[in-house]
Amino acid sequence: MDTNNSDWQRTHYSSEVKPELDGQKVTLLGWIQEIRDLGGISFIILQDREGTVQITVPKRKVADEFLRKVEALQKRFSIGVRGIVKKTQMTPRGVEVIPEEIRVFSTATSQLPIDIVGKVHANLDARLDARALDLCREENIAVFKIQHTALQAIREFLLDKGFIEVFTPRIIASATEGGAALFPVDYFGKKAYLAQSPQLYKEQLTMSLEKVFEAGKFFRAEESHTRRHLNEFVSIDIEQAFASAKDVMKLLEQLIQHTCKTVSEKCQRELALLNHRLEVPTLPFKRITYDEVLADLKREGVEIPWGEDIPTPAFRKLGRIHPYFYFIVDWPTKSKAFYIKPKDENPEICEGFDLMWSWIELASGGTRIASKALLIKRLEEKGLNPESFKHHLQAFDYGMPPHAGWAIGLERLTMMLTGKKNIREVTLYPRDRFRLTP
RNA sequence: GCCCUGGUAGUAUAGUCCGGUCUAGUAUCGGCGGCUGUCGCCCGCUGGACCCGGGUUCAAAUCCCGGCCAGGGCGCCA
């Protein structure tokens with residue numbers, strides 16, 4: 001065993017080994033995905049982050065010592081291979097590598113907990129129990145490369161539009177925002193909580209940095225048991241000074257289009273591997289009012305009293321009518337958070353919106369209240385105590401600009417981009433009501 | 001938290017309805033052996049399982065009760 005590779009630098013990733021390199025010496029580092037030993041000849045599939053390449057060992061032509069080393073190899077051994085690239089008609093990729101030297105960096109147990117080549121597909125629960133190994137499967141590497149590409153595209157887009165990336169606290173003092181339950185933590189003997197959203201902080205930042213965004217983990221202590229909820233998730237939040245819901249909705253749909261376009265261009269191999277066709281949406285997205293939603297649902301035989309939230313089965317029906325992206329606007333004020341601005345001409349409805357993808361809520365946002373008096377009124381109407389918000393309210397004494405923003409769930413976006421139906425599939429180490437490990 | 005369905009080798013499943021040749025089948029996987037062009041390699045041998053606890057019965061993987069766990073759905077999710 002060779003426990004370090006300091007004198008061996010990788011010259012190529014597997015995907016870079018091409019027929020044009022015929023005759024050239026390469027150094028490859030990675031893992032054994034599969035071995036097919038035919039007796040006189042052995043085929044080793046070497047996997048790295050970028051794909052796989054075949055290492056071909058003609059056993060009768062190699063030295064005994066080298067042969068013994070090859071015979072001892074097993075699936076998932078971490079190895080280095082130094083050898084000569086050979087152009088060939090006999091592999092799907094048109095190349096193979098004839099090894100001259102092999103180093104074993106690390107071994108693996110012979111009986112793996114899940115099949116990594118996809119012959120017998122393990123259930124999600126078994127896969128999550130062996131997540132480190134599960135993530136080695138090419139399908140999972142594809143999922144997380146797509147997520148990475150999407151996040152890069154989003155950053156690029158927002159930076160280009162003049163947004164400044166910020167970091168707000170994850171540990172907060174007050175649990176009085178209402179709504180979602182918070183996880184308590186002990187903060188030097190004081191009671192504190194894990195943040196459920198950067199909402200109040202990002203609003204305050206519009207009076208200094210004007211246009212901000214944050215991509216970060218947030219926590220909700222809800223006992224949800226669905227395919228689209230996690231207790232720890234990534235939220236991409238923006239907030240913009242001197243802007244309204246209309247402005248940030250435009251920004252959001254452009255960002256979605258840009259992200260889909262970038263992923264469909266840069267991740268063709270990954271999308272093909274996942275057998276997923278990603279459509280780049282055309283703009284603008286449909287804007288459907290809450291009243292229109294109720295009317296759509298009524299035609300489907302579902303009657304919802306005005307002002308009520310839309311239950312999940314109704315959203316599913318709605319998703320069948322509007323199968324792709326659409327906004328729902330003009331929500332009843334009472335169904336949205338206290339900081340969403342009621343319409344001036346009709347305070348019963350508000351300037352909040354949801355971005356839907358079929359039946360799933362991808363993002364939500366709106367124009368925020370910039371008036372301290374109105375915000376206090378709304379807090380009271382929601383049964384919240386303005387005293388608990390005094391630090392936030394104080395910001396409104398120093399020139400809070402009109403502002404608007406939204407938050408999009410990165411995992412839900414990734415589900416859309418990859419075609420995965422369970423949010424746990426697109427989360428490296430998911431945390432849900434029943435899973436705290438690994 | 002509620003409802004439905006399920007829990008059988010490392011993994012994925014058959015068997016369960018209707019209890020008894022089930023000594024629990026198959027695939028994949030692991031081990032051993034053979035094989036020079038595989039790419040779901042092939043062939044032979046071999047290893048490995050009825051979630052836990054209680055009950056019914058001559059007899060339980062199979063029926064009943066409780067627990068735990070999982071999948072789906074609902075609720076919750078400013």
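Letters A, B, ... mirror the listed sequences (proteins, then strands); counts begin at 1.
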Q: When the nearest nucleotide of RNA chain B is assigned to A:A337 and to A:I41 on a heavy-atom basis, which residue is associated with the more 5' position?
A: A:I41

Q: Using whole Å, what does the distance between atom P of nucleotide B:A70 and atom CG of A:D432 come to?
A: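 After rounding, the gap between these two atoms is 8 Å.
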
Q: Could you measure between the two C1' atoms, the one in B:C41 and the one in B:U5, and give it in whole Å?
A: 39 Å

Q: Determine whether the side chains of A:Q147 and A:T414 contain a donor N or O and an acceptor N or O closer than 3.5 Å.
A: yes

Q: For B:C51 versus B:A61, give the span between their P atoms, rounded off to a whole number of Å.
A: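 Roughly 10 Å separates the two P atoms.
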
Q: Quote, to the nearest angstrom, the P distance that separates B:C76 from B:C29.
A: 47 Å

Q: Taking the minimum atom-to-atom distance to the side chain of A:D37, which one of B:C76, B:G37, B:C35 wins?
A: B:C35

Q: Expressed in angstrom and rounded to an integer, what is the separation of A:R435 atom CZ from B:A70 atom C1'?
A: 10 Å

Q: When you look at A:F389 and A:F338, which way does the ring pair (Phe, Tyr, Trp, His ring centres under 6.0 Å) test go after all the steps?
A: CA-CA 12 Å; A:F389 292 83; A:F338 68 87; 5.3 Å; yes

Q: Between A:G352 and A:W331, what is the shortest heavy-atom contact and its length?
A: O-CD1, 3.5 Å

Q: Would you mind telling me which of B:C77, B:C41, B:G75 lies closest to the side-chain atoms of A:L38?
A: B:C41

Q: Between B:C50 and B:C42, how many Å separate the two C1' atoms, rounded to a whole number?
A: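 The same atom, C1', in both gives a distance of 33 Å.
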
Q: For the pair A:R368 and A:E239, find out whether any cationic side-chain nitrogen is under 4.0 Å from an anionic carboxylate oxygen.
A: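 Between A:E239 and A:R368 there is a salt bridge, with a charged N closer than 4.0 Å to a carboxylate O.
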
Q: Atom CZ of A:R60 to atom C1' of B:G34: distance rounded to whole Å?
A: 12 Å

Q: B:G31 and B:G48: how far apart are their P atoms, nearest whole angstrom?
A: 15 Å

Q: When rounded to the nearest Å, what value does the distance between P atoms of B:A60 and B:G40 take?
A: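 It comes out at 46 Å once rounded to the nearest Å.
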
Q: C1' atom, B:U62 versus B:U8: distance in rounded Å?
A: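 After rounding to an integer number of Å, I get 11 Å for this pair.
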
Q: Choosing from B:G10, B:A78, B:C41, which nucleotide comes nearest the side chain of A:K382?
A: B:A78

Q: Which heavy atom of A:V143 sits nearest to which heavy atom of A:E425, and what is that distance?
A: CG1-O, 4.1 Å

Q: Could you give the CG-to-P distance, from A:L128 to B:U11, as a whole number of Å?
A: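 So the two atoms are 14 Å apart, to the nearest Å.
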
Q: Using atom CZ of A:F43 as one end and atom C1' of B:U36 as the other, report the distance to the nearest whole Å.
A: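 Rounded to whole Å, this separation is 7 Å.
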
Q: Output the rounded distance in Å from CG (A:N123) to P (B:U11).
A: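 Rounded to the whole Å, the gap is 10 Å.
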
Q: B:C77, B:G37, B:G71: which one has an atom nearest the side-chain heavy atoms of A:K86?
A: B:G37

Q: Any carboxylate oxygen within less than 4.0 angstrom of a Lys/Arg side-chain nitrogen, looking at A:K336 and A:D354?
A: yes

Q: When the distance from CZ of A:R228 to P of B:G75 is rounded to whole Å, what number comes out?
A: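 Result: 8 Å.
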
Q: Output a table of nitrogen or oxygen pairs between the protein and nucleotides 28-33 of chain B separated by less than 3.5 Å.
A:
unit_1, atom_1, unit_2, atom_2, d
B:C29, OP1, A:K119, NZ, 2.8
B:C29, O2', A:Q111, NE2, 2.4
B:G30, O4', A:Q111, OE1, 3.4

Q: Checking A:R170 against A:T168: is there a side-chain donor and acceptor pair closer than 3.5 Å?
A: yes

Q: What's the gap between B:U11 and B:A49 when it is taken at their P atoms, as a whole Å value?
A: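 One P to the other, the span is 13 Å.
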
Q: What integer distance in Å separates A:I35:CD1 from B:G37:C1'?
A: 17 Å

